[in-house]
Amino acid sequence: MPTPKDSADAASFRLFSAHGTLQLDCMTDILLLAFIFLIAGVVSVPVATRLGIGSVLGYLVAGVVISPVLALLDVDVHAIQQVAELGVVMMLFLIGLELEPRYLWQMRLKVLGLGGGQMLLTTAVVAGLANLLGQPWNVSVAIGLVLALSSTAITLQTLTEKGLLKSPGGESGFFVLLTQDVAVIPILAVVPLLAIPELAGAAATPGTGGHGPSLSLVEGMNGWQTAVVTLCAVGIVILGGNYLTRPALRFIAVTGLREIFVATALAIVVTIALIMVLVGLSPALGAFIAGVVLANSEYRHELESDIDPFRGLLLGLFFITVGAGINFALLWESLPVAIGLTLGLIATKGAILFLLGTAFGLRGPDRWLLAMALSQAGEFGFVLLSFSVANAVLPTAFADLLLLVIAMSMLLTPLLFIVHERVIMDHFINEEALAEDEIEEPGEVIIAGYGRIGTIVDRMLLAAGYKTTVIDYDSKQIDMVRRLGARVYFGDATRPDLLKAAGIDRARVLVVAIDDVDSVTQLAKYAIHNFPDLHVIASARNRHHVYDLWAVGCRDIIRETYDSSLRVGRSAYEALGIPRAKSRKMVEAFNDLDHRAMLEVADSYDPALPLEKNDAYVARVKEMRGPWEQELGSRIREILRDG
């Protein structure tokens, strides 16, 4: 993330260059620019999502597509990028809200060891390679520091989008990114010490026109003074989050005005970012600290819901500017060199992360996820290169080439995630499938899934003397229940060959109690169509899942929480003073009518259509709802009157 000392570019909020054809004070120009960016995102992201390549790559490609238009309008893409990086700040704030301080403290060794090791090893290896290629030692170290950082925006957004942020590999990647944000502080102190006297008179910011210096509270201070001011700033963020934010939010909440609460939430994030920038720290780091401080706040969920839409829009804008900021003229001039450096960077960082992940206990697809997710250079590299040129560390031409390498590595990251999902994950899934247990003595009842439902069903059947074959795909769950003496086989119950080994052709009953909704429907359909004499009992997640199962031919369907909901309703009746006998009859009346109503509307439901487009089903429910409620009310009143 940029800091006020980083570059002249950071102070610019001009969206169009001084000599450009457009001026910011013209409403038409602002609306035109907003139209271009919004249409680019609205068109590209749904297409990318439909193709299965993810929204981040969609935004990046959109930026590449509109870059000629922005160049024609002489738009200052780098200035827009500075504003859009506020989305990264918001993302770190929201992530901080999800983490309790105690958990972060427990993970401190992993943060320092894995993250610190990545920074030191990557800097050393990249600097060594640059030195071997003929660069002076000080330039080599600067290159190593710039390229050691990874993209917080692309990595965390993609991990979140694919549901991998909470996985061991995703969490490890987050800890590395957090360490990198902390490492910004010493990097900014080290880079000026690497200055080359010959460049001192010609320092300029690469890819920009150069703007005036920005405001900084630590400008001109010595080391210890800067450290004191920096610690004070962090203390203000922590103390403010603990003692000022809650009363302020409570005061705002009393007004009952949603827009004021939204404005307050945004003001909190912007204020934190401003404080961090003024003392030369990463605003993303400050936002993360504030999020962790507020993790136990009663306003946490409201803050999340208010900030998240702005985070999404600003991150999308940031990704578009990354794609639009690629210098294609320079790319064509130095295509082999740029591609070679980009692929070399990804391979080098990926190898280092893979080895570190292995050393810190990651196995299987998780260490590949860590290596592939963080193998790119990061958005802070743009600013750090400008800072290096301004401090006479890197020549402008070489910095422009590195800018191109950083942008290209970020552009390739979503493709690496696709490779991980479709190649690495499939490989390990197939490898695990080969290690499935052999089923030696098939039972007359097959239970697919040994979770909340499968466990109880298995115990009931065993108590009655029936032999069961239980299959589950959660190795941790199986290890635990085997220690308790349960007989469970490891395997994917949706695979026909495993079902055959389980004796499905001889079994009398199949109980489908898998957690995944689609897998339940898939298995029920396969069993019903291929083994018509087999009685299939399927666990349904909700009412609409019941209709999906009904459509594939299943007729013995149990809703997961339905029976417990009836029992809660009966207890509520009794708590209100209704005798137990009458309460049971009232519950039976509700159950009878609900069961009958579901059968009557089931054939109107089309499982191939989403609920909002199931017009025949919606019409049938509306038609039945009035008479159903009247009949239910009449039966309940009759029970209360006559018993």
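Quick note: residue numbers are just sequence positions, from 1.
Between the Thr245 side chain and the Gly240 main chain, a donor and an acceptor come within less than 3.5 Å of each other. In this structure a side-chain-to-backbone donor-acceptor pair under 3.5 Å is present from Gln376 to Ser151. Side chain of Lys162 to backbone of Glu421: no donor-acceptor contact under 3.5 angstrom is found. Put simply, the side chain of Ser519 never gets that close to the backbone of Asp515: no donor and acceptor are under 3.5 Å apart. Counting only distance, with no hydrogens or angles, the side chain of Thr158 and the backbone of Thr155 share no donor-acceptor pair below 3.5 Å. Looking only at distances, no side-chain donor or acceptor of Lys349 sits under 3.5 Å from a matching main-chain atom of Thr122. With hydrogens and angles disregarded, a donor-acceptor distance shorter than 3.5 Å links the side chain of Asp472 to the backbone of Tyr450. A donor-acceptor pair is defined here as one N or O able to donate and one able to accept, closer than 3.5 Å; no such pair exists between the side chain of Arg367 and the backbone of Gly169. The main-chain N or O of Ala373 is never found under 3.5 Å from a side-chain atom of His420 such that the two would form a donor-acceptor pair. Judged by distance alone, with hydrogens and angles left aside, the side-chain atoms of Glu171 form no donor-acceptor pair with the main-chain N or O of Leu165 at under 3.5 Å.
Side-chain atoms of Phe37 and Ile80, non-hydrogen and from C-beta on, do get closer than 4.5 Å to each other. A 4.5 Å side-chain heavy-atom check between Phe318 and Glu379 finds at least one atom pair inside the cut-off. With contacts defined as side-chain heavy-atom distances shorter than 4.5 Å, the pair Met372/Ile346 does not qualify. With a 4.5 Å cut-off on side-chain heavy atoms, Pro414 and Leu60 count as touching. No side-chain heavy atom of Leu317 sits less than 4.5 Å from a side-chain heavy atom of Leu313. A heavy-atom distance below 4.5 Å is not found between the side chains of Val234 and Ile275. Looking at heavy atoms from C-beta onward, Val89 lies out of side-chain contact with Leu314 at the 4.5 angstrom threshold. In this structure, the side chains of Leu412 and Ser409 stay at 4.5 Å or more apart for every pair of heavy atoms.
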For side-chain contact (heavy atoms from CB on, under 4.5 Å), just list the numbers for Leu335 and Leu331, CA-CA rounded to whole Å, side-chain angles, deciding distance to a tenth of an Å, and then say yes or no.
CA-CA 5 Å; Leu335 186 61; Leu331 175 60; 3.7 Å; yes

Give the C-alpha distance, both sets of side-chain angles, the deciding distance and a yes or no for side-chain contact (heavy atoms from CB on, under 4.5 Å) between Leu362 and Leu369.
CA-CA 10 Å; Leu362 294 181; Leu369 176 62; over 6 Å; no

Quick one, Met276 with Val237, criterion side-chain contact (heavy atoms from CB on, under 4.5 Å). Give me CA distance, side-chain angles, the key distance, then yes/no.
CA-CA 9 Å; Met276 293 293 102; Val237 170; 3.5 Å; yes

Verdict with reasoning, Asp366 to Ser172, per side-chain contact (heavy atoms from CB on, under 4.5 Å):
CA-CA 9 Å; Asp366 286 307; Ser172 298; over 6 Å; no

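The nearest pair of heavy atoms linking Asp400 to Leu330 is O-CD2, 3.5 Å. The minimum heavy-atom distance linking Met410 with Ala377 is given by the pair CG-O, 3.3 Å. Considering all non-hydrogen atoms of both residues, Ala48 and Gly58 come closest at CB-CA, 3.6 Å. Annotation for Thr179 and Gly116: closest pair CG2-N, 3.5 Å, computed over non-hydrogen atoms. Listed here is the closest heavy atom pair of Gly241 and Arg246: O-NH1, 3.7 Å. In terms of heavy-atom proximity, Ser334 sits nearest to Leu401 at OG-CD1, 3.8 Å.
The structure places NE2 of His545 at 7.5 Å from CG of Asp518, a figure rounded to the nearest 0.5 Å. Distance check: Phe380 CZ to Glu85 CD gives 9.5 Å after rounding to the nearest 0.5 Å. Here the straight-line distance linking atom CG of Leu303 with atom CG of Leu249 works out to 5.5 Å at 0.5 Å rounding. Of the inter-residue distances, the one linking Leu94 atom CG with Ile307 atom CD1 reads 5.5 Å to the nearest 0.5 angstrom. Here the OG1-CE distance, from Thr123 to Met119, works out to 4.5 Å after rounding to the nearest 0.5 Å. The CG atom of Leu411 sits 10.5 Å away from atom CG of Leu404, with the distance rounded to the nearest 0.5 Å.
A search for ring pair (Phe, Tyr, Trp, His ring centres under 6.0 Å) contacts involving Phe354 returns Trp368, not counting sequence neighbours. Contacts of Val405 classified as side chain to side chain contact (heavy atoms under 4.5 Å, CB included), with partners at least two apart in sequence or in another chain: Leu341, Thr342, Leu345. The salt bridge (charged side-chain N to carboxylate O under 4.0 Å, His left out) search around Glu304 returns Arg300, not counting sequence neighbours. Residues passing the side chain to side chain contact (heavy atoms under 4.5 Å, CB included) test with Val65 are Val61, sequence neighbours excluded. Residues passing the side chain to side chain contact (heavy atoms under 4.5 Å, CB included) test with Ser44, sequence neighbours excluded: Ala62. Applying the side chain to side chain contact (heavy atoms under 4.5 Å, CB included) criterion to Val176, with sequence neighbours excluded, gives Leu114, Gln118, Gln180, Leu370, Leu374.
Residue Arg452 qualifies as open at atom CZ: its count of foreign heavy atoms under 6.0 Å is 12 or below. Counted within 6.0 Å of CZ on Phe310, heavy atoms from surrounding residues, nucleotides or ligands total 12 or fewer; the atom is thus considered open.
Residues Phe174 and Phe288 bring their aromatic ring centres within 6.0 Å.
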